> 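Below you'll find the structure I mean.
In what follows, residues are counted from 1 in the order of the sequence shown. Since the structure is predicted, the reported quantities are computational estimates derived from the model, not experimental observations.
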Amino acid sequence: VMLDHFRLSPGGPIIPKKDLGQELSRPRFSQDILPIVTADKDLGSTALYWQTLYVESIWGNGCVRFVTAATDTALQAAIDAVEAAGGGTVVLSNEIYIIGTTITLDANVPILIKGNGAVLSSQAGVNHIVHIDRVNGNTSHYCVLEDLTIDGNDVADSEGLRITDTDRVVLKNVRIKDCITGLDLYAGATAGSGTSWVEGCSFEDVFISGCTTGIRFNRGAQTDYTSFFENHFRNVGVNDCTTGILVDRWANLTRCRFD
C-alpha cells in the first residue's frame, strides 16, 4: 500500500507524499507533531527532537507492509520491502513469530515496526533476535519499535535487541525476556574508528526480565572512545536479572537520563 498523502495530526494539514522526506528531515516543533513521550528540555536538542517526532504510523515514503506469516522470513521480507521503498511501516499481528535468523533493520532508513502485541520467539542458534545497525552511511533516521515482546526462551547466547553504532532509535511499550542480554547498546563495532556511538535514543515503557544482563552499555572493540549521549530511559524496568545494568570500561555516558 502506497499512500499519496498523509496528515501529521488530527485536523492538521494534508501534505503530499513527495514532501514527506523533506518534512521529516528537518527539526520541526509545532502542534502538528504528536509526541511519543513528554520530552524534557534539559535532555538537549537531539533527544528532544527524536522523542517528539511521531507521524501517525506513516514514515519515510509512506510504504506500508503487513507481515503475511508468523515467521522470521516473512517479517524480514516486509522489512526489506519497506527499506527498499525508502522507509515506511511494517505491521505485525498479535501472534508468536518464530525467529530462527536475526531480524535486521537498517537504521539509515526511517522505519516503524508496529507490533500490535506480537511476540518474537527465539530458536536455537540466534545470536541477536533483533539487530538495528547503520548498514549504509553514518546517519540514522527514526527507527521505532512499539508494542511487541522479544522472547529469548533461555536459548544459549541469545541476545534480545542489539543497537549498533546508531542514533535516533525509539522503543515504546517493548518487553524483552529470558535472554543473555536484554538490551545491548553496542558502541564500538570497529576499533579506533571514531564513529562509535549510541545517541539520541528514547526508551519508554520497556520491561526486561529473566536475563543474565538487563541493559549493557557495550564498548565492543573500542578501547579509546565510545559515546552514549542523550539517551532517555523513561519507565524502564529491569527485573529478575543477574546483572541489572552493566557499563563497560571506556563506555562514556553523557547526559543519559533514567526516570
Side-chain angles (χ1 to χ4, degrees), residues 1-3 6 20 24 34-37 50-51 53-122 126 128-136 140-152 159-164 166-177 179 182-186 198 200-208 236:
V1 178
M2 293 295 293
L3 302 181
F6 78 103
L20 180 57
L24 295 183
L34 301 180
I36 293 177
V37 302
W50 301 119
Q51 289 175 19
L53 185 58
Y54 184 79
V55 184
E56 297 183 328
S57 306
I58 307 301
W59 292 79
N61 288 329
C63 176
V64 179
R65 290 291 183 271
F66 294 84
V67 182
T68 57
T71 65
D72 51 7
T73 303
L75 175 54
Q76 189 66 62
I79 291 171
D80 292 346
V82 166
E83 290 177 350
T89 302
V90 174
V91 183
L92 288 75
S93 302
N94 185 7
E95 300 183 70
I96 297 176
Y97 290 74
I98 304 302
I99 307 301
T101 304
T102 298
I103 300 300
T104 302
L105 288 85
D106 182 356
N108 294 284
V109 178
I111 187 168
L112 169 62
I113 307 295
K114 291 187 67 69
N116 294 312
V119 177
L120 308 185
S121 181
S122 177
V126 180
H128 321 295
I129 301 173
V130 179
H131 187 197
I132 302 174
D133 193 3
R134 289 179 293 119
V135 178
N136 299 293
S140 307
H141 298 283
Y142 336 113
C143 188
V144 180
L145 281 73
E146 65 178 25
D147 299 329
L148 57 82
T149 294
I150 298 173
D151 186 355
E159 291 187 337
L161 170 62
R162 169 172 282 192
I163 300 174
T164 297
T166 298
D167 51 322
R168 310 166 190 178
V169 172
V170 175
L171 302 187
K172 169 71 174 176
N173 192 26
V174 173
R175 183 182 180 192
I176 305 173
K177 57 185 290 243
C179 300
L183 176 59
D184 186 16
L185 307 179
Y186 190 80
V198 176
C201 298
S202 174
F203 308 96
E204 183 182 14
D205 296 333
V206 175
F207 300 98
I208 301 170
V236 174

> May I ask you to decide if K172's main-chain N or O and D205's side chain share a donor-acceptor pair within less than 3.5 Å?
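Checked: no pair found.
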> Excluding sequence neighbours, so at least two apart, what forms side chain to side chain donor-acceptor pair (under 3.5 Å) with N173?
D147
> Just wondering, do V67 and V90 contact through their side chains at under 4.5 Å, heavy atoms?
yes
> Run the side chain to side chain contact (heavy atoms under 4.5 Å, CB included) test on V174 and L148 for me, step by step, so that the C-alpha distance in whole Å, both residues' side-chain angles and the decisive distance to 0.1 Å come before the verdict.
CA-CA 5 Å; V174 173; L148 57 82; 4.2 Å; yes
> Provide the closest heavy-atom pair for T89 versus V82 in the form atom of the first, atom of the second, distance.
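That would be O-CG2, 3.7 Å.
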> Can you name the residues that form a side-chain contact (heavy atoms from CB on, under 4.5 Å) with S93, not counting sequence neighbours?
E95, Y97
> Restricting to side-chain contact (heavy atoms from CB on, under 4.5 Å), what partner residues turn up for D80, sequence neighbours left out?
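In terms of side-chain contact (heavy atoms from CB on, under 4.5 Å), with neighbours along the sequence ignored, D80 is linked to Q76, E83.
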> Is there a side chain to side chain contact (heavy atoms under 4.5 Å, CB included) between D72 and I103? Walk through the geometry before answering.
CA-CA 7 Å; D72 51 7; I103 300 300; 3.9 Å; yes
> Between D167 (side chain only) and G200 (backbone N and O only), is there a donor and an acceptor less than 3.5 Å apart?
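Flag not set: sc D167 to bb G200 has no pair under 3.5 Å.
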> To the nearest 0.5 Å, tell me how far C143 SG sits from L112 CG.
9.0 Å
> List for me each residue that meets side-chain contact (heavy atoms from CB on, under 4.5 Å) alongside R175, sequence neighbours excluded, and say none if there are none.
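Partners of R175 by the side-chain contact (heavy atoms from CB on, under 4.5 Å) criterion, ordered by chain and then number, come out as T149, K177, S209.
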> I need the minimum non-hydrogen distance between A81 and C63, along with the two atoms involved.
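Minimum heavy-atom separation between A81 and C63: O-SG, 4.5 Å.
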> Run the numbers on F203 and I163 for side chain to side chain contact (heavy atoms under 4.5 Å, CB included), then give the verdict.
CA-CA 12 Å; F203 308 96; I163 300 174; 3.9 Å; yes
> Would you compute the distance between atom CD1 of I129 and atom CD1 of I176 and round it to the nearest 0.5 angstrom?
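So the CD1 of I129 and the CD1 of I176 are separated by 8.5 Å.
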> Return the minimal non-hydrogen interatomic distance between A74 and A69, and the atom names on each side.
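Taking A74 first and A69 second, the nearest heavy atoms are CB-O, 3.4 Å.
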> For the atom pair CD1 (I150) and CD (E159), what is the distance rounded to the nearest 0.5 Å?
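Between I150 CD1 and E159 CD, I get 11.5 Å after rounding to 0.5 Å.
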> To the nearest 0.5 Å, tell me how far L171 CG sits from S202 OG.
8.0 Å
> Do V130 and I113 pass the side chain to side chain contact (heavy atoms under 4.5 Å, CB included) test, and can you show the C-alpha distance, the side-chain angles, and the key distance before you say yes or no?
CA-CA 12 Å; V130 179; I113 307 295; over 6 Å; no
> Ignoring hydrogens and angles, tell me if any N or O in the side chain of T102 forms a donor-acceptor pair with the backbone of H128 under 3.5 Å.
yes
> About how many Å separate CD1 of I79 and CG of L105, when rounded to the nearest 0.5 Å?
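Answer for the CG-CD1 pair, L105 versus I79, is 4.5 Å.
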> Please give me the minimum heavy-atom distance between A118 and L92, naming the atom from each residue.
CB-CD2, 3.7 Å
> T73: what forms a side-chain contact (heavy atoms from CB on, under 4.5 Å) with it, not counting sequence neighbours?
T71
> For the atom pair CG (L145) and CG (L161), what is the distance rounded to the nearest 0.5 Å?
6.5 Å
